[in-house]
Amino acid sequence: MTHILILTHTDYCTPGHLGKVLDEAQHDFSVLRVDLGELDGFDLDRPKAVAIMGGPMSVNDALPWLDTEIAALRHFIRRDIPMIGHCLGGQLLAKALGAEISRMSYTESGWQSVHQATESAPSPWLAHLPTQFPIFQWHGDTFALPVGAQRLLSNSWCENQAFAWGEKILAVQGHPEMNEELVRLWLNDWSHLLDDSQPSQQSKAQMLEELPGKVAALNQVAEGFYRHWLQLAFA
């Protein structure tokens, strides 16, 4: 029986580097495609840690499985389960906590710098990070802060880049899970959706420039998040 649950919503928003971290730590985990109904009937009292990945849909879309997932997240919140949400996953956590998700007037994409929110108290989720660092982005929606949440990260394109709620929930607007394979896959299949004439978006060439180094740095960001998440679950 595995105690780590990863919720996915499409075949090209995989666990990415999170899967590698769990494999190297010899943690078994289950991956469910919520959009294919695989969460239906799942024992929600089983997981000790939950990660929610990204997807191209909006939390506000009229998709019945989104309601199923939000209800499941609320169950995990009541159980006080450590959770980490990536992009759509972060928005789903915000919605489950009662916050609004809204459409931005532009898309934020590429390697964008974020900074720790100066108004926030120090957070263990950020203990491994400098004041400012880049993270891979690709989103057109943004979450408001749920009541009681602590804003952790921000930038000029999106004020709410990450929040913590309580001690065990982290929602991130960007994609810390990215590896080289995922970046190249997205840019091969979906770069036609980008418009690098917009200042909030990078070109495909900019995103691929010095990619191994960028991904290695992002892996360090992600691993700090994942270490803390696992420590909360299994300490």
Side-chain angles (χ1 to χ4, degrees), residues 5-16 18 31-40 42 44 50-78 81 83-110 112 114 117 135-166 169-178 182 186 189-195 198 200-201:
L5 175 63
I6 302 178
L7 302 177
T8 65
H9 316 96
T10 182
D11 59 359
Y12 54 86
C13 290
T14 68
L18 172 56
V31 180
L32 299 184
R33 280 284 298 274
V34 186
D35 60 311
L36 300 181
E38 293 180 358
L39 187 56
D40 296 341
F42 185 84
L44 301 181
V50 176
I52 312 100
M53 309 314 296
M57 60 289 296
S58 169
V59 170
N60 298 319
D61 288 345
L63 298 169
W65 59 264
L66 284 171
D67 295 332
T68 300
E69 184 166 7
I70 290 167
L73 296 180
R74 287 174 175 158
H75 184 86
F76 297 141
I77 291 166
R78 290 191 294 271
I81 296 302
M83 289 193 283
I84 182 168
H86 307 68
C87 199
L88 175 71
Q91 295 163 7
L92 285 162
L93 282 172
K95 180 106 175 190
L97 290 164
E100 295 294 320
I101 314 302
S102 58
R103 191 72 181 167
M104 302 195 304
S105 59
Y106 47 83
T107 295
E108 181 184 24
S109 64
Q112 301 286 352
V114 298
I135 194 167
F136 192 82
Q137 305 273 5
W138 198 320
H139 67 103
D141 284 3
T142 182
F143 45 64
L145 292 180
V147 174
Q150 176 187 6
R151 181 187 292 114
L152 297 183
L153 299 173
S154 187
N155 74 2
S156 58
W157 301 118
C158 182
E159 183 179 22
N160 297 325
Q161 286 284 353
F163 70 79
W165 189 87
I169 291 178
L170 173 67
V172 181
Q173 187 56 79
H175 287 277
E177 79 281 9
M178 299 302 283
L182 277 177
W186 289 13
D189 290 353
W190 304 108
S191 60
H192 64 282
L193 300 176
L194 298 172
D195 178 6
Q198 302 298 313
S200 60
Q201 302 188 39

Colleague: Is there a side-chain contact between N160 and R151 in this structure, where contact means two heavy atoms from C-beta onward sitting under 4.5 Å apart?
Modeller: yes
Colleague: Decide yes or no for W186 and H175: does some side-chain heavy atom of the first lie under 4.5 Å from some side-chain heavy atom of the second?
Modeller: yes
Colleague: Find out whether W165 and I77 are in side-chain contact, i.e. whether some heavy atom of one side chain is under 4.5 Å from a heavy atom of the other.
Modeller: yes
Colleague: Could you tell me if the side chain of T8 sits less than 4.5 Å from the side chain of C13, heavy atoms only?
Modeller: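 Contact flag for C13/T8 side chains = no.
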Colleague: For the backbone of W157 and the side chain of Y106, can you confirm whether one donor and one acceptor N or O come within less than 3.5 Å of each other?
Modeller: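 Yes.
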Colleague: Are any non-hydrogen side-chain atoms of L18 and M53 less than 4.5 angstrom apart?
Modeller: yes
Colleague: For a side-chain contact (heavy atoms from CB on, under 4.5 Å) check, start with the C-alpha distance between L88 and M57, then their side-chain angles and the critical distance, and finish with the verdict.
Modeller: CA-CA 8 Å; L88 175 71; M57 60 289 296; 3.5 Å; yes
Colleague: Specify the closest pair of heavy atoms between P176 and H86, including all atoms of both residues, with the distance to one decimal.
Modeller: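 For P176 and H86, the tightest heavy-atom pair comes out as CG-CD2, 3.7 Å.
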Colleague: Could you grab the distance from atom CG of L97 to atom CE of M83, nearest 0.5 Å is fine?
Modeller: 7.0 Å
Colleague: Determine whether a donor-acceptor pair (N or O, by modelled atom type, separation under 3.5 Å) exists between the side chain of N60 and the backbone of I101.
Modeller: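 Yes, the answer is positive, given that a donor and an acceptor are paired below the 3.5 Å cut-off.
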Colleague: Does some side-chain heavy atom of T14 sit less than 4.5 Å from a side-chain heavy atom of E177?
Modeller: no
Colleague: Indicate yes or no for a side-chain donor-acceptor contact from D141 to the backbone of S58 under 3.5 Å, with no hydrogens or angles considered.
Modeller: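 No, the answer is negative, given that no donor and acceptor are paired below the 3.5 Å cut-off.
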Colleague: If I compare all heavy atoms of P56 with all of T10, which pair ends up nearest, and what's the gap?
Modeller: CD-CG2, 4.0 Å
Colleague: Checking S109 side chain against W138 main chain: does a donor-acceptor pair fall under 3.5 Å?
Modeller: no
Colleague: Would you say that L153 contacts I135 through its side chain, given a criterion of any heavy-atom pair below 4.5 Å between the two side chains?
Modeller: no
Colleague: Write down the atom of Q161, the atom of G174, and the distance for their closest heavy-atom approach.
Modeller: OE1-N, 4.3 Å
Colleague: Could you walk me through whether F42 and L5 pass side-chain contact (heavy atoms from CB on, under 4.5 Å), step by step?
Modeller: CA-CA 10 Å; F42 185 84; L5 175 63; 3.8 Å; yes
Colleague: Determine the minimum heavy-atom distance between A94 and F143, stating which atoms define it.
Modeller: CB-CB, 3.6 Å
Colleague: Starting from the C-alpha separation in whole Å, work towards a yes-or-no answer on side-chain hydrogen bond (donor to acceptor under 3.5 Å, both in side chains) for E108 and N155.
Modeller: CA-CA 11 Å; E108 181 184 24; N155 74 2; 2.7 Å; yes
Colleague: Using modelled atom types only, decide if a donor and an acceptor are shared between the side chain of S200 and the backbone of T107 within a distance under 3.5 Å.
Modeller: yes
Colleague: So which of I52, I169, L44 actually passes side-chain contact (heavy atoms from CB on, under 4.5 Å) with L73?
Modeller: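 One option only clears the test, and that one is I52.
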Colleague: So, taking the atom named NE2 in H9 and the one named CG in L36, what distance separates them when rounded to the nearest 0.5 Å?
Modeller: 11.0 Å
Colleague: What distance separates L32 CG from I6 CD1, expressed to the nearest 0.5 Å?
Modeller: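 One gets 9.5 Å once the value is rounded to the nearest 0.5 Å.
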Colleague: For a 4.5 angstrom cut-off between non-hydrogen side-chain atoms, does L7 reach L92?
Modeller: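 No, too far: nothing below the 4.5 Å cut-off.
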Colleague: State, to 0.1 Å, how close R33 and E38 come at their nearest heavy-atom pair, and which atoms those are.
Modeller: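 Of all heavy-atom pairs spanning R33 and E38, the closest is N-OE1, 2.8 Å.
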Colleague: How about H139 and Q91: does a side-chain donor come under 3.5 Å of a side-chain acceptor?
Modeller: no
Colleague: Please report the closest heavy-atom contact between A96 and I70, naming both atoms and the distance.
Modeller: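 For A96 and I70, the tightest heavy-atom pair comes out as CA-CG2, 4.0 Å.
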Colleague: CD/Q201 to CD/Q137 distance, rounded to the nearest 0.5 angstrom?
Modeller: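 The CD atom of Q201 sits 11.5 Å away from the CD atom of Q137.
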